[in-house]
**Q** 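Structure provided below as structure tokens; questions to follow.
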Amino acid sequence: VKEQGKNGFQFYTPEMNEIVSKKMKLEIGLRKAQERNEFRVVYQPQIDVTTGSLSGVEALIRWHHPEWGTISPAEFIPIAEETGLILQIGEWVLHEACLQNKKWQDEGQPPLRMSVNISSRQFQQSDLVEMIQRILSSTGLDPAYLELELTESIIQDSKHAVTKMQQLKDMGIHLSIDDFGTGYSSLSYLKTFPINTLKIDRSFTSNIYNDPKDASLVETIIHMAHNLDLKVIAEGVETREQLQFLQQRHCNEAQGYFFSQPISAHEMDELFKNQIEV
Ligand code: C2E
Ligand code: CA
Ligand code: CA
Ligand code: CA
């Protein structure tokens, strides 16, 4: 009977109450965040491991609340998804990222690929293609410098995924599979879907040196991708050893704290001046 509180069959606990109200609080905050200008986009460099030069950046959203401080996207993106707010937020990120990329190009920086994360709900929205078209024409960005990051589960759960992806590809946009290898999906989609790039998930990259199985997986993914004419980017590269492993296996690009954390557009300007070296 003593244990009841901990293990008993209570359906509603104070902890649950707290979780629910925290979620509600975040939701209310999220609804106001956009008009209050609390979102920012940061950019994480993606490096060509053979030349050491910057080839692209991934756009990542940040939310700075005046009282709560910085809230991680891992925490608020799921809520934005659930409530549908992700549609507005996602469109804002896309616009911001495309505008910034065009600005860099107009300033004479070497052209970069801008990768933007697309959530499930966003991918399923019926006017996704038109929305992206609108953003490309209003910002003037060449579609060849836009890449959309999709996860395996997104494309598997979506009706007409192939058609949609083909429309995007026909516009000249690149498509990549994010967190590759974590979606438990069959590999057969790789031959039907018009994909350009696989992004090896950080969970594999980080264990290259202490788990021979992860090393084999990474090696195999790179090999398979190349046989299918796909490019490979390894995420979460934190050490020189990891980078060397990837270079030796001819991985194309790498992204991670070893090179840079995600940084502001202003910090990117500094980076252009000093160019990262591998
Ligand atoms: P993701 O797309 O897999 O993004 C990679 C995450 O790993 C980012 O976290 C990045 O800051 C972090 N990261 C990069 N390099 C390293 C490294 O070397 N070590 C470690 N430990 N972490 C590294 P972040 O920015 O907190 O984003 C988390 C997730 O939130 C993203 O995972 C993505 O799923 C989602 N997200 C972020 N921004 C957006 C967005 O604009 N739209 C959508 N739909 N989702 C977003
Ligand atoms: Ca991503
Ligand atoms: Ca990822
Ligand atoms: Ca992830």
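Indexing begins at 1, ligand by ligand and atom by atom, following the structure's order.
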**Q** Between the Ca ion (ligand 2) and Glu235, is there an N, O or S atom separated by less than 3.0 Å?
**A** no
**Q** What are the atoms of ligand 1, with element, lying closer than 4.0 Å to any heavy atom of Glu58?
**A** 2 (O), 4 (O)
**Q** Check contact between Arg62 and ligand 1, using heavy atoms of the residue and a distance below 4.0 angstrom.
**A** yes
**Q** Below the 3.5 angstrom mark, is there an N/O of Ser72, backbone or side chain, next to an N/O of ligand 1?
**A** no
**Q** Are there more than 12 heavy atoms of other residues, nucleotides or ligands under 6.0 Å from atom CE of Met171?
**A** yes
**Q** Tell me, which N, O or S atom in Glu149 is closest to the Ca ion (ligand 2)?
**A** OE1
**Q** Do any nitrogen or oxygen atoms of Asn117 lie less than 3.5 angstrom from nitrogen or oxygen atoms of ligand 1?
**A** yes
**Q** Would you kindly say whether Ser55 and Glu253 are connected by a side-chain donor-acceptor distance under 3.5 Å?
**A** yes
**Q** So if I count the atoms of ligand 1 from 1 in the order they appear, which ones are less than 4.0 Å from some heavy atom of Gly256?
**A** 15 (N), 18 (O)
**Q** Could you tell me, atom by atom, which parts of ligand 1 come under 4.0 Å of a heavy atom of Val93?
**A** 41 (O)
**Q** Mind telling me whether Phe245 and Tyr209 have parallel, tilted or perpendicular rings, with 30° and 60° as the class edges?
**A** perpendicular
**Q** Can you tell if the side chain of Ile89 reaches within under 4.5 Å of the side chain of Leu30, non-hydrogen atoms only?
**A** yes
**Q** Could you check whether any heavy atom of Pro262 sits closer than 4.0 Å to an atom of ligand 1, since that is the contact criterion I want to use?
**A** yes
**Q** Classify the ring geometry of Trp92 against Phe39: parallel below 30°, tilted from 30° to 60°, perpendicular beyond 60°.
**A** tilted
**Q** I need the atoms of ligand 1 closer than 4.0 Å to a non-hydrogen atom of Asp179, numbered in the order shown.
**A** 3 (O)
**Q** Show which atoms of ligand 1 fall inside a sub-4.0 Å distance from at least one heavy-atom site of Glu238.
**A** 17 (C), 18 (O), 19 (N), 20 (C), 21 (N)
**Q** Is any N or O atom of Gln122, backbone or side chain, closer than 3.5 Å to an N or O atom of ligand 1?
**A** no
**Q** If the cut-off is 4.0 Å to any non-hydrogen atom of Ser119, which atoms of ligand 1 fall inside it?
**A** 44 (N)
**Q** Parallel, tilted or perpendicular for His65 and Trp68, by the 30°/60° rule?
**A** parallel
**Q** Look at atom 39 (C) of ligand 1 and find which of Ile61, Val42, Thr182 reaches it with the closest heavy atom.
**A** Ile61
**Q** What do you reckon, does Glu149 have a nitrogen or oxygen under 3.5 Å from a nitrogen or oxygen of ligand 1?
**A** no
**Q** Could you tell me whether Lys103 and Glu107 make a salt bridge, using a distance below 4.0 angstrom between a side-chain N and a carboxylate O?
**A** yes
**Q** Has His64 got more than 12 heavy atoms of other residues, nucleotides or ligands less than 6.0 Å from its NE2?
**A** yes
**Q** Rounded to 10°, how many degrees is the angle OD1/Asn117-the Ca ion (ligand 2)-OE2/Glu58?
**A** 90°
**Q** Hey, mind stepping through Trp104 and Tyr145 against ring-ring contact (aromatic ring centres under 6.0 Å, His included) and telling me if it holds?
**A** CA-CA 12 Å; Trp104 284 325; Tyr145 296 107; over 10 Å; no
**Q** With a cut-off of 4.0 Å, which atoms of ligand 1 are near a heavy atom of Gln44?
**A** 14 (C), 15 (N)
**Q** Is there a side-chain hydrogen bond (donor to acceptor under 3.5 Å, both in side chains) between Asn117 and Glu58? Walk through the geometry before answering.
**A** CA-CA 8 Å; Asn117 292 286; Glu58 176 176 0; 2.8 Å; yes
**Q** Strictly below 4.0 Å, N to O, side chains only: are Arg134 and Glu130 in salt-bridge contact?
**A** no
**Q** Report the angle formed at the Ca ion (ligand 3) by atom OD1 of Asp179 and atom OD1 of Asp178, rounding to the nearest 10°.
**A** 90°
